[in-house]
Amino acid sequence: MAENTFNTGTPNPTGPEKPKSNSKNGIIYGVLIAALVGTWGYMWYANNKSREVLAQKDVAYDSVSTARNELQQEFEATNARLDDLVTENSRMDSLVKTKDKELSDMKARISSILSNKNATQAELAEARRLIEQLKSSVENYKATIERLEGEKIVITGERDYARKERDSVGIIKDSLNRKVDLGSVLHASNIKLLPINLKKNGKEVETSKAKRADMMRVSFDLDDNRIAPSGTKEIYVAITAPDGSPLAVEALGSGRFTLEDGTEKLYTVKKSVSYTTGEKQLVSMDWKQNSDFKIGDYAVEIYHDGYKIGSGKVTLKKGGIF
C-alpha cells in the first residue's frame with residue numbers, strides 16, 4: 001500500500017511555486033499593455049475628431065466670411081447706384097429725401113452687420129434681405145424717373161395739374177355744399193298779411209281799410225324739412241309799401257341782412273324761431289309803424305339764410321262811411 005504524503009503549507013523556494021509567479025506578472029503586463037494601447041487609440045481618435053471639428057469650423061468660418069464679403073460688395077454696388085441716380089437727376093434727389101430716414105436706418109443696419117466679423121448666419125440673412133429691399137427701392141426710383149422723363153412732366157406742370165385738380169375738387173365740393181345749403185333752407189307756406197285795427201278795449205279786429213289799420217300781422221307756416229338741423233333760425237320779413245318803398249324804421253327794430261348773392265336788403269321785422277327738424281311750425285310777426293298806412297297793395301317777402309322762402313300781398317282800401 002502506497003504511503004500518503006501531506007503538504008504542510010510551508011512555501012518551498014525551490015519548489016513548483018516559482019512558475020506561478022511568472023504567470024501573474026505576464027497577465028499584469030498584458031493588461032497594462034492593452035490599457036496603453038487603448039489609451040493611445042483613444043487619444044488618436046480624439047485627436048482626429050478634434051481636427052475634424054476644427055476643419056468644419058474653418059469651413060463654416062470661411063463660408064460666413066465669404067458670404068459677408070459678397071454681401072459687402074453687393075451693398076457697396078447698390079449704394080453707388082443710388083448715389084449715381086441722385087447725382088444724375090435732381091428729381092431723384094427729392095424722391096430720395098422723402099424716404100431719407102428709412103433709407104438711412106436701412107443702410108446703417110446693413111453696415112453694422114457687415115462690419116461684424118462674428119456675424120451669425122441669421123444676421124447675414126437679415127443683411128441680405130435689407131440689401132434686396134434697398135435694391136428694390138433703387139429700381140423703383142429709377143422706374144419713376146424713366147416714367148417722368150417719358151411723359152415730359154416738369155415740376156411746374158405737376159403743380160399746375162395739382163392746382164387744377166384742387167380747383168376742380170373745390171368746385172365740386174362747393175356745388176355739393178350749395179346743394180346741401182339749399183336743401184336745408186326752410187320754406188314758408190300759407191302766408192297771410194293781415195291789417196289789424198286795435199280797439200280801445202284791446203280787442204283786435206281785421207280790417208281792409210287803410211285809415212283803420214293800426215298794424216300789420218304777418219303769419220305763415222314753416223314747412224317740415226328733414227334736412228334742416230334743429231335749432232334757432234333767423235327769419236326776416238320785408239314789407240313793401242304801395243309806392244315801392246320798404247317799410248323799415250331802425251328805431252322800431254328794422255335793419256339790414258345779407259342775401260345769398262352777397263348783397264344787402266332792408267328788413268321790416270325779424271324773429272328768432274326755435275325749429276325742430278321734420279316738423280311744421282306756425283310763425284307770427286307784428287309790425288306797428290309810427291305813421292299811417294297808405295292805400296294800395298302791400299307786398300311781403302320772407303327770408304331764411306339769405307334766400308326768399310315765401311311771399312304774399314294784401315290790399316288796403318280807402319275808408320268810406322261804412
Side-chain angles (χ1 to χ4, degrees), residues 177-316:
N177 288 338
R178 181 175 175 82
K179 289 180 180 180
V180 172
D181 291 341
L182 287 173
S184 62
V185 173
L186 300 176
H187 181 264
S189 62
N190 195 26
I191 301 169
K192 295 179 182 179
L193 182 59
L194 304 175
I196 303 293
N197 175 242
L198 298 175
K199 298 296 183 180
K200 292 182 180 180
N201 59 4
K203 185 177 181 180
E204 298 179 354
V205 179
E206 293 183 21
T207 182
S208 61
K209 309 299 183 182
K211 69 176 184 178
R212 295 182 182 178
D214 297 309
M215 69 178 185
M216 290 283 194
R217 174 166 292 160
V218 182
S219 65
F220 53 90
D221 291 326
L222 287 178
D223 296 335
D224 60 297
N225 187 317
R226 299 185 181 279
I227 298 178
S230 299
T232 302
K233 311 295 182 184
E234 293 291 337
I235 307 299
Y236 297 89
V237 170
I239 302 176
T240 304
D243 62 0
S245 62
L247 298 184
V249 182
E250 187 175 352
L252 299 178
S254 302
R256 293 179 179 273
F257 70 102
T258 304
L259 296 173
E260 55 86 19
D261 62 1
T263 61
E264 290 187 337
K265 183 178 178 65
L266 286 168
Y267 67 84
T268 307
V269 291
K270 72 173 183 177
K271 188 173 186 177
S272 297
V273 179
S274 181
Y275 181 78
T276 302
T277 302
E279 293 185 4
K280 178 180 287 189
Q281 188 168 341
L282 176 63
V283 179
S284 178
M285 301 185 200
D286 292 338
W287 167 250
K288 183 187 287 188
Q289 61 187 32
N290 52 6
S291 60
D292 295 335
F293 288 97
K294 299 176 181 179
I295 298 171
D297 295 331
Y298 287 79
V300 58
E301 295 176 337
I302 304 169
Y303 290 85
H304 171 237
D305 279 351
Y307 294 93
K308 184 168 72 173
I309 63 173
S311 60
K313 68 177 182 177
V314 65
T315 301
L316 287 181

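Position 1 is the first residue of the sequence, and the numbers go up from there. Only a predicted model underlies this, so the values are computations on that prediction, with no experimental measurement involved.
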Practice task
Taking atom types as modelled, find out whether S189 and D221 have a side-chain donor-acceptor pair closer than 3.5 angstrom.
Solution key: no
Exercise for the section: Mind checking the CZ-OG1 spacing from F257 to T263? Nearest 0.5 Å is all I need. Expected result: 8.5 Å
Problem - side chain to side chain donor-acceptor pair (under 3.5 Å) assessment of T232 paired with S274 - result: CA-CA 4 Å; T232 302; S274 181; 5.4 Å; no
Practice task
Establish, yes or no, whether a centroid distance under 6.0 Å links the rings of Y303 and Y236.
Solution key: no
Practice task
Could you walk me through whether K271 and E234 pass salt bridge (Lys or Arg N to Asp or Glu O under 4.0 Å), step by step?
Solution key: CA-CA 6 Å; K271 188 173 186 177; E234 293 291 337; over 6 Å; no
Practice task
State, with a plain yes or no, whether a side-chain heavy atom of V237 is found less than 4.5 Å away from one of Y267.
Solution key: no
Practice task
Would you kindly say whether S254 and T268 are connected by a side-chain donor-acceptor distance under 3.5 Å?
Solution key: no
Exercise for the section: Evaluate side-chain contact (heavy atoms from CB on, under 4.5 Å) for K209 paired with L316, printing each intermediate quantity in order. Expected result: CA-CA 5 Å; K209 309 299 183 182; L316 287 181; over 6 Å; no
Problem - From NE2 (H187) to CG (D223), nearest 0.5 Å - result: 6.0 Å
Handout entry: Beyond-backbone contact of M215 with L198, side-chain heavy atoms, under 4.5 angstrom
Key = yes
Practice task
Working to the nearest 0.5 Å, report the span between NZ of K233 and CG of D305.
Solution key: 7.0 Å
Practice task
With the side chain counted from C-beta on, respond yes when T240 and L247 share a heavy-atom pair under 4.5 Å apart, and no when they do not.
Solution key: no
Handout entry: Beyond-backbone contact of M285 with I235, side-chain heavy atoms, under 4.5 angstrom
Key = yes
Problem - Stepwise side-chain contact (heavy atoms from CB on, under 4.5 Å) check, I239 with V269 - result: CA-CA 9 Å; I239 302 176; V269 291; 5.7 Å; no
Exercise for the section: Kindly indicate whether the side chain of N290, heavy atoms from C-beta on, has any atom under 4.5 Å from the side chain of L252. Expected result: yes
Fill in the blank from the handout: Of all heavy-atom pairs linking I295 and A210, the shortest is CG1-CB, 3.7 Å
Problem - Heavy-atom closest contact (A238 atom, K265 atom, distance) - result: CB-CE, 4.0 Å
Handout entry: Flag, side chain of N225 to backbone of L186, donor-acceptor distance under 3.5 Å
Key = no
Practice task
Specify the closest pair of heavy atoms between R212 and N197, including all atoms of both residues, with the distance to one decimal.
Solution key: O-ND2, 2.8 Å
Exercise for the section: May I ask you to test the V218-W287 pair for a side-chain heavy-atom distance under 4.5 Å? Expected result: no
Problem - Rounded distance [0.5 Å steps], CG in L193 versus CG in D297 - result: 11.0 Å
Problem - Side-chain ion pair, D243 and K294, N-O less than 4.0 Å - result: yes
Problem - Donor-acceptor contact below 3.5 Å, side chain N190 vs main chain F220 - result: no
Handout entry: Flag side-chain contact, heavy atom, 4.5 Å: I302 against S311
Key = no
Handout entry: CG on D224 to CD on Q281, rounded to 0.5 Å
Key = 11.5 Å
Problem - N-O pairing of E206 and R217 below 4.0 Å - result: no
Exercise for the section: Show your working on side-chain contact (heavy atoms from CB on, under 4.5 Å) between L259 and E264 and close with a plain yes or no. Expected result: CA-CA 6 Å; L259 296 173; E264 290 187 337; over 6 Å; no
Problem - Other residues, nucleotides, ligands: >12 heavy atoms within 6.0 Å of E250 CD - result: no
Practice task
Given side-chain contact (heavy atoms from CB on, under 4.5 Å), test M216 with D286 step by step and report yes or no.
Solution key: CA-CA 6 Å; M216 290 283 194; D286 292 338; over 6 Å; no
Problem - pair K313-Y298: side-chain heavy atoms closer than 4.5 Å - result: no
